[in-house]
Amino acid sequence: MQEVLQQLANLQYIDSRIDEIRQLRGDLPEEILDIETNINRYNARINQLEEEADSLKSEKKKLEVGIEESLEKTKKYEEQQLSVRNNREYDALTKEIEAQKTFVENAESRLEEISKRQEEVEAELESNKEKLEETEELHAEKKVNLDKVVASTKEEEEKLLDKRDELEEELDSRYVRSYNRLRDGLANGMAVVAMDRGAAHGMALPPQTQVEVRRKNKIIIDENSGRIVVDPSFFEEAKKQLKV
């Protein structure tokens, strides 16, 4: 049973160290994902604004051409009024002139709206491009930091993972399943803890339980936390065996 207890302590020692390594990376992976989301959002908004700018430019050109044509028609109709033969023709030309003038007024009003919106789009485009550039710089910085952390711990993590695989193969599958299930259900992942001055994970153990832990001949489960409690010597040995 001592061998099983040692293997469980070894497994916990490895997992705790892997947790420490991954904590070194902190929130960098999540931060990078958030930054990438922002980059995509800025790019999408920039594309949308650029499409709107093109549409406004095209509409403005059509309106300017339309105004020019309408003014020419108005001039032509006014000249024709001078040579009409009856009131009906005169009134018909007057309606056409009024229609062209109305078109010009509406077109000029729309041109003012377009000019105002073009200024807004240009300002928003500039702002989004600046934010995009800043966000891309931040992304590059965070990526470099993450790569450095990963590079500095990658070798140790890979060795620990290999040793963990070996341990799972050596240990009875029943213990492996129980250990993994217990570890997955705990916030800090500490499924196996060392007894420290008669306590386990800060909770005092009954005197009889303390004696049983020191005997090292059975698996002891702490009634308060549900964790496996072992003698400190098992973790001291784990540290010697698993130093990488």
Side-chain angles (χ1 to χ4, degrees), residues 18-154 157 187-188:
I18 291 173
D19 288 344
E20 287 175 10
I21 289 172
R22 291 175 177 171
Q23 283 171 6
L24 285 174
R25 298 168 194 165
D27 297 325
L28 280 173
E30 288 76 15
E31 286 179 19
I32 288 173
L33 285 175
D34 288 341
I35 293 170
E36 288 173 350
T37 298
N38 287 335
I39 288 173
N40 291 334
R41 182 165 56 84
Y42 287 131
N43 275 321
R45 183 57 180 156
I46 287 170
N47 289 336
Q48 186 182 26
L49 289 167
E50 287 177 340
E51 287 176 4
E52 185 179 357
D54 289 341
S55 176
L56 290 169
K57 184 178 178 180
S58 177
E59 185 183 358
K60 181 180 180 180
K61 187 175 180 180
K62 288 179 180 178
L63 286 171
E64 288 172 340
V65 170
I67 289 172
E68 187 176 341
E69 291 176 348
S70 188
L71 290 174
E72 290 176 357
K73 288 178 182 179
T74 300
K75 184 179 178 182
K76 183 181 71 172
Y77 295 147
E78 286 174 341
E79 290 175 351
Q80 288 176 355
Q81 277 184 321
L82 299 174
S83 58
V84 294
R85 291 169 293 183
N86 55 59
N87 289 337
R88 187 163 57 85
E89 290 181 6
Y90 186 88
D91 291 343
L93 288 169
T94 298
K95 286 183 179 180
E96 286 294 338
I97 291 169
E98 289 175 354
Q100 295 305 320
K101 286 181 177 179
T102 299
F103 171 80
V104 170
E105 288 175 3
N106 291 336
E108 287 176 342
S109 176
R110 176 57 184 158
L111 282 175
E112 289 179 8
E113 293 175 357
I114 288 173
S115 294
K116 183 180 178 182
R117 181 56 188 158
Q118 281 179 319
E119 291 176 3
E120 293 172 347
V121 168
E122 185 177 351
E124 195 175 345
L125 256 175
E126 186 177 348
S127 174
N128 276 273
K129 285 179 178 178
E130 287 176 1
K131 289 176 181 177
L132 174 62
E133 185 176 352
E134 292 171 0
T135 307
E136 286 177 335
E137 288 175 359
L138 179 62
H139 180 267
E141 179 185 331
K142 294 284 186 180
K143 191 71 168 61
V144 167
N145 291 341
L146 179 60
D147 289 344
K148 284 180 180 177
V149 172
V150 171
S152 66
T153 57
K154 183 178 180 181
E157 184 177 5
N188 64 359

Are there more than 12 heavy atoms of other residues, nucleotides or ligands under 6.0 Å from atom CD of Glu50? yes
Using a strict threshold of under 4.0 Å (side-chain N to carboxylate O), is an ion pair present between Glu79 and Lys76? no
Ser109 (side chain) donor-acceptor with Glu105 (main chain) under 3.5 angstrom: no
Check ion pair Asp91-Lys95 (N to O, under 4.0 angstrom): no
Any donor-acceptor N/O pair, Thr37 side chain to Leu33 backbone, under 3.5 Å: yes
Got a donor-acceptor contact below 3.5 angstrom from the Ser70 side chain to the Gly66 backbone? no
Considering residues, nucleotides and ligands other than Glu122, do more than 12 of their heavy atoms fall under 6.0 Å from its CD? no
Rounded to the nearest 0.5 Å, the CG atom of Asn145 sits from the CG atom of Leu28 at a distance of 6.0 Å
Thr94 (side chain) donor-acceptor with Tyr90 (main chain) under 3.5 angstrom: yes
For the atom pair CG (Leu49) and CZ (Arg45), what is the distance rounded to the nearest 0.5 Å? 4.0 Å
Shortest non-hydrogen contact from Ile114 to Leu56? CG2-O, 3.9 Å
More than 12 heavy atoms of other groups within 6.0 Å of Glu126 CD: no
Looking at every heavy atom in both Leu111 and Ile67, which two are closest together, and how far apart are they? CD1-CD1, 3.5 Å
Quick check for you: to the nearest 0.5 Å, what is the distance between Gln100 atom CD and Ile97 atom CD1? 9.5 Å
Does a side-chain heavy-atom distance below 4.5 Å link Leu138 with Glu134? no
Nearest 0.5 Å please: distance from the CG atom of Asn128 over to the CD atom of Glu133. 13.0 Å
How long is the straight-line distance from OG1 of Thr135 back to CD of Glu36, given to the nearest 0.5 Å? 12.0 Å
Output for pair (Glu52 CD, Gln118 CD), nearest 0.5 Å, gives 9.5 Å
Indicate yes or no for a side-chain donor-acceptor contact from Ser152 to the backbone of Val149 under 3.5 Å, with no hydrogens or angles considered. yes
Salt bridge between Glu120 and Arg117, side-chain N to carboxylate O under 4.0 Å? yes
